[in-house]
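Written out below as structure tokens is the structure these notes cover.
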Amino acid sequence: MYDLPAAEALRKAAAAARRLAQRCAREPRALDVLTALACLALMALDVPGLAAGDNSLNGVMAALVLTAGASSLLVRRVAPWVPFVVALVLLGWLHELTLAQFALYSLGRYRGRLAGAVGVAGYVSFAYVMFTLPGWPVHRGETLSEFLSLVVPIGVLAAGVGVAANRQDLVRELQAQRAATQALEAVQQERLRIARDVHDFVGRELTLLSVRSQVLARRAGSTPYATGFDELSQTARSAHRMLNEIIVQRGVDGTPTPGLEALPELAAASGRAGSPVELLVDGAAYRLSPLRQAAVHRVVQECLTNAAKHAPGEVVEVRVRVAGGRLRVTVRNALPVGAVGAVGAAGSAPGPAGAGFAGAGRSGVGLSGAGAARVAPVSAGIGTAGMAERVHAVGGTFTAGPHAGAYVVEADLPTGDLT
């Protein structure tokens with residue numbers, strides 16, 4: 001049984017090794033260098049035999065040749081056929097099989113199944129030709145069955161592992177593309193909703209402007225101002241028609257997003273779902289333009305939905321404040337028991353979306369059970385992208401992430417002209 005200092009040292013060493021492996025995995029060039037060094041280390045075991053064998057190489061020259069051969073793995077991503085050809089040269093010259101394994105793996109990994117199969121066929125065929133010629137070393141297979149049992153499994157296994165890794169790379173790439181597509185679709189849908197709200201709110205104002213201008217034109221009678229009012233009414237109707245052509249005829253329909261008057265209803269619905277809400281809205285906020293009220297409603301709605309989904313039972317604080325010509329929306333959700341560790345493990349996510357918590361949710365961390373670790377209360381998926389798009393559309397800023405033991409979503413945008 002290890003004593004405590006030794007066990008602690010082992011844990012630190014293992015953690016350092018994991019961090020190094022993760023860093024190398026993110027740096028392809030560093031991983032290629034480590035691969036080349038590993039191949040060279042394995043081939044170096046044959047240097048004494050090569051120097052004593054029937055060839056003109058001494059120990060130093062053999063080491064240099066093997067180093068040059070292993071260095072061909074540095075281009076295995078962009079040109080995997082180069083280390084494959086070099087491996088065949090070393091196979092024919094020095095009867096070296098190690099580099100062939102790395103080369104066949106690289107072919108399968110970076111060029112796919114067909115290239116891996118062709119590489120294995122070429123490798124086995126070339127090795128068989130060398131086996132039939134004089135000088136094939138006994139330890140590489142004295143009889144044909146020994147030769148086949150050594151050479152063929154090496155090639156097939158190396159290429160097979162490479163092909164499997166290639167398929168995993170394709171799966172990860174497809175998953176990343178799917179996630180990016182979903183986020184883009186969320187942004188596009190939010191833009192459509194914004195356009196719909198613009199049509200409803202601005203169209204209403206243009207209609208009122210047209211009607212008001214007609215009334216003023218009638219009141220002006222035969223004065224010179226009547227013509228100006230008529231022109232203003234025509235301009236308002238023309239603007240409304242253009243708005244219809246740009247938005248309505250492109251398929252944007254549905255009901256507009258409600259404003260701040262609907263927040264108490266959202267809070268009550270969240271409370272019935274098991275996530276009580278403490279709602280505080282400044283009176284001045286109700287004088288905001290309909291577009292800004294719609295943006296606030298959208299942010300609060302998405303936050304409450306995610307809170308009920310990822311942290312049921314936790315109190316959600318919603319604050320809508322107006323000060324200094326700025327509107328600030330803050331939604332705070334206390335992190336449940338066990339979530340702090342999950343946050344630490346996920347780390348800070350890039351950008352305001354906080355993507356690290358979405359990953360925690362997909363990993364299968366439970367949302368119930370005593371002491372069970374939970375995901376962060378506010379989702380970092382495509383809903384966050386929609387909230388950010390809504391806030392950015394009215395000239396504001398949006399952030400989301402852990403802060404002081406809670407998960408906080410903040411939106412800051414200009415108030416504009418208060419009605």
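Here, residue 1 is the first one in the sequence, and each next residue gets the next number.
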Side chain to side chain contact (heavy atoms under 4.5 Å, CB included), that's the test. Do L74 and V33 meet it? Break it down for me. CA-CA 6 Å; L74 298 177; V33 171; 3.9 Å; yes
side-chain hydrogen bond (donor to acceptor under 3.5 Å, both in side chains) assessment of D230 paired with Q234: CA-CA 6 Å; D230 284 333; Q234 291 292 337; over 6 Å; no
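The two atoms that bring A165 and Y105 nearest to each other are CB-OH, 3.9 Å, heavy atoms only. The two residues V75 and P83 make their nearest non-hydrogen contact at CG2-CD, 4.4 Å. Closest approach of V316 to A307, counting heavy atoms only: CG2-CB, 3.7 Å. Across G92 and F126, no two heavy atoms sit closer than the pair N-CE2, 3.7 Å. V300 and L266 make their closest contact through CG1-CD1, 4.5 Å (heavy atoms, listed as atom of the first residue, atom of the second, distance). When all heavy atoms are compared, the tightest approach of R332 to A406 is CG-CB, 3.7 Å.
Side chain of R326 to main chain of R321: no donor-acceptor pair is present (N/O by atom type, distance under 3.5 Å, no hydrogens or angles). At distances below 3.5 Å, not a single donor-acceptor pair connects side-chain atoms of S275 with backbone N or O atoms of S270. A donor-acceptor pair is defined here as one N or O able to donate and one able to accept, closer than 3.5 Å; such a pair exists between the side chain of N306 and the backbone of E302. A donor-acceptor contact shorter than 3.5 Å is absent between the side chain of S125 and the backbone of G122. Checking side-chain atoms of E317 against main-chain N and O of E278 turns up no donor-acceptor pair under 3.5 Å.
Within the 4.5 Å cutoff, no side-chain heavy atoms of T98 are placed close to those of L90. Residues D32 and L73 fail the side-chain proximity criterion, which asks for heavy atoms closer than 4.5 Å. For the pair V118 and W81, the minimum side-chain heavy-atom distance is below 4.5 Å. Residues Y123 and L97 meet the side-chain proximity criterion, which asks for heavy atoms closer than 4.5 Å. Residues P80 and R109 fail the side-chain proximity criterion, which asks for heavy atoms closer than 4.5 Å. By the 4.5 Å heavy-atom criterion applied to side chains, L288 and T415 are counted as neighbours.
One finds the CG atom of L232 at 15.0 Å from the OH atom of Y225 (value rounded to the nearest 0.5 Å). Rounded to the nearest 0.5 angstrom, R77 CZ and R29 CZ are separated by 8.5 Å. For the atom pair CZ of F84 and CZ of F102, the computed distance is 16.0 Å after rounding to the nearest 0.5 Å. Separating the CG atom in L413 from the CZ atom in F398 is a distance of 11.5 Å, to the nearest 0.5 Å.
A salt bridge is defined here as a Lys NZ or Arg NE, NH1 or NH2 lying under 4.0 Å from an Asp or Glu carboxylate O, and D412 with R328 meets this definition.
Of the residues L304, V281, V296, the one that meets the side-chain contact (heavy atoms from CB on, under 4.5 Å) test with V318 is L304.
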